[in-house]
Amino acid sequence: MIYAIMYGLTVGAILYLISVGFSLTFGTMRVINFAHTLTYTIGAYLLVASLRQVGIPFLWGGVVGVGVAALVGYCIERFVIRRLYGESLDYTFIATFAVFLIGVDIIKWIWGVYPKPISDPIGRAAEFFGFVFPVYRILVIVLAILVFFGLEFFIRKTMVGKIIVAALDNKEGVRCLGIGVEKYFTIAFVLGSALAALGGVLYAPITAVHPYMGSHILLLCFAVVLTGGLGNLRGTFLASFFLGMLISITGRFWPAGSEIVAFIAMALVLLLRPIEA
Amino acid sequence: MRKESRYMRDVLKKQETMLGVSVTARKSFVEAMGGQRVLELVLIAVVFLVLVPFLGAHRVTDFAIFCIFALSFDLLYGYMGRLSFGHLLYLGVGAYTVGLSLRYVTTNPLLAIVLGVVAASLAGMAVGAVTVRVSGAAFALSNLAFNRVGWFLVMSPLKEITGGENGLSIRNLSFWLVNFRNPNFRFWFVLVALLGVFLFLRVLTASPYGVLLRSIKEDERRVRFLGYNTYFYKWITFVVAASIAGFAGALTALNYGYVNPNTLDVHANAGVVFACLIGGSGRLYGALLGGILYMLITNLLPIYFQRWEFVLGVALLLIVFRFRGGIWGGLEALRKSIVLRYNASSSKKGVSQ
């Protein structure tokens with residue numbers, strides 16, 4: 001049971017890292033970014049490539065992955081999403097889905113379709129009260145919590161963060177103050193992409209890296225964002241850990257159900273509190 | 001006073017005559033529409049028959065089934081403006097219900113089709129009750145989530161009866177005069193089914209209900225202000241679309257004599273969205289045209305070019321950025337401009353004379 005809770009916390013941490021960017025972009029720009037988890041996939045793949053083909057240590061591989069994914073995120077924002085602000089949600093959805101298709105196909109072109117497993121970079125395990133936990137997973141959880149507090153600080157204390165939150169609430173109002181909202185949207189978008197890539201990098205040693213890894217996690221992210229509330233960053237934090245625990249504990253008692261329990265939770269939330277978005 | 005009443009009477013009389021005119025006009029209009037509909041159906045049938053010598057009957061049967069599916073999606077997306085990324089769920093439910101019922105319940109394929117449609121509409125009722133409450137991207141993605149749940153159910157917990165990854169082969173394909181082993185019978189059956197679905201949707205979208213759907217697409221809040229319970233109408237439309245998709249799924253199962261989990265594959269949803277967009281969404285002809293084109297692309301392109309997903313993505317981007325109306329929309333705009341130019345030139349002639 002302790003192990004299940006530990007696994008749940010790890011999954012929750014990863015989910016948080018990925019879905020916070022999703023929540024930010026959805027909240028600020030009203031854009032459902034299907035390509036969001038593309039940056040997650042790219043981060044993981046670049047990590048694998050830099051570990052295997054270049055042979056640099058895990059940390060630097062992770063940095064490369066996050067950096068390049070942030071760049072890709074910027075390109076997606078600049079060339080696709082920026083043209084679609086204020087348009088119907090469907091079109092942005094379809095356009096980002098098209099980007100997702102293109103990206104996945106390019107990944108398949110470069111790296112092939114077969115899953116690439118990579119090993120735990122730390123490999124040591126710590127012992128608490130007779131239970132053995134891999135240090136790496138503890139690190140992941142700690143990192144997610146650090147990111148949460150970092151984001152809280154960024155949003156409540158810095159000017160950029162305050163503008164993003166204000167734009168989340170009322171875009172027109174912020175624009176009336178003479179602030180170029182688009183620039184801050186770009187920052188939020190790149191930040192979200194980088195965090196998603198960080199999630200991909202961290203999750204890669206726990207699961208296998210394959211081209212379609214993004215599409216499954218996207219659904220979970222979506223469940224998280226809907227359960228936590230659109231654009232509500234604290235809600236996203238709580239919801240991701242809640243769903244992570246739910247998945248892991250269900251998986252312990254009913255392994256088959258772990259894949260769908262998050263969606264059932266999402267459906268319940270939607271039934272109780274419909275969202276107009 | 002008297003003057004006023006006379007005036008009122010005049011107005012009433014005028015209205016009566018106008019009403020009378022409008023009634024007769026409407027009658028002839030309906031008759032014309034009836035004739036037009038028959039013409040339309042004949043045209044569609046001719047198009048599919050023309051395709052047969054080039055592609056072979058089995059492939060055209062595939063095309064027609066996909067067109068039925070695209071039409072059902074167009075009702076949801078094109079007419080009601082709700083983009084669902086989980087429409088394949090109902091195709092899968094229809095297909096699996098036919099497979100399982102022919103295995104365990106009945107030996108009559110027609111009854112199995114009915115069961116498949118019923119099962120798909122039940123699934124649509126259940127899922128629609130949840131997803132219709134949200135709109136936009138939340139609608140699209142929650143449907144995607146349910147589609148994923150269905151796929152997962154087939155692959156893992158229900159593996160014993162659905163066959164999991166191996167799929168399900170169908171027994172009892174022939175019964176009395178109905179023989180789904182015969183490719184020609186399949187072709188004609190599917191073609192008639194397509195025409196039936198087309199006619200049904202034509203009538204449905206031309207009715208006041210269809211107008212209501214389009215107004216929900218334009219502005220749902222206003223429709224709600226007018227006193228309509230939009231949730232109910234959206235739900236009904238969702239169920240109708242799901243039933244037609246289930247019908248397409250049933251036909252798919254009978255056509256291949258085999259059901260595989262790919263009928264539920266989440267990623268394949270992009271295909272039907274693409275088909276609707278490339279043909280022109282919100283137009284039944286657009287869905288038909290898009291369905292045929294999409295099937296042509298996916299059937300013929302991979303032979304020459306391996307990276308067809310890439311091409312699909314680029315084409316989708318192009319449609320979103322440049323050609324919102326799709327091919328049929330482009331044709332309509334072209335026709336409109338030609339008619340306008342013709343009218344302009346003829347009216348100029350009138351002036352000069």
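Just so we're on the same page: letters track the sequence lines, and every chain starts at 1.
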>> Is A/I106 in contact with chain B via its backbone, its side chain, both, or neither, using a 4.5 Å heavy-atom distance?
In response: side chain
> Using non-hydrogen atoms only, which part of B/F274 is less than 4.5 Å away from chain A: side chain, backbone, both, or neither?
Replying inline: neither
> If every non-hydrogen atom of B/V314 is compared with every non-hydrogen atom of A/I102, which pair is closest and at what distance?
Replying inline: N-CD1, 3.7 Å
> For chain A, which residues from residues 143-152 of chain B lie under 4.5 Å away (heavy-atom distances)?
Replying inline: B/L144, B/A145, B/F146, B/R148, B/V149, B/F152
> Looking at B/L317 and A/A98, what are the two nearest heavy atoms and their distance?
Replying inline: CG-CB, 3.8 Å
>> To the closest 0.5 Å, what do you measure between CZ (B/F310) and CH2 (A/W109)?
In response: 6.5 Å
>> Quick check on A/Y7: does its OH atom have over 12 non-hydrogen neighbours (other residues, nucleotides or ligands) under 6.0 Å away?
In response: no
>> If you count every heavy atom of other residues, nucleotides or ligands that lies below 6.0 Å from B/R222 atom CZ, does the total exceed 12?
In response: no
> Within a reach of under 6.0 Å around OH of B/Y285, are more than 12 heavy atoms found that belong to other residues, nucleotides or ligands?
Replying inline: yes
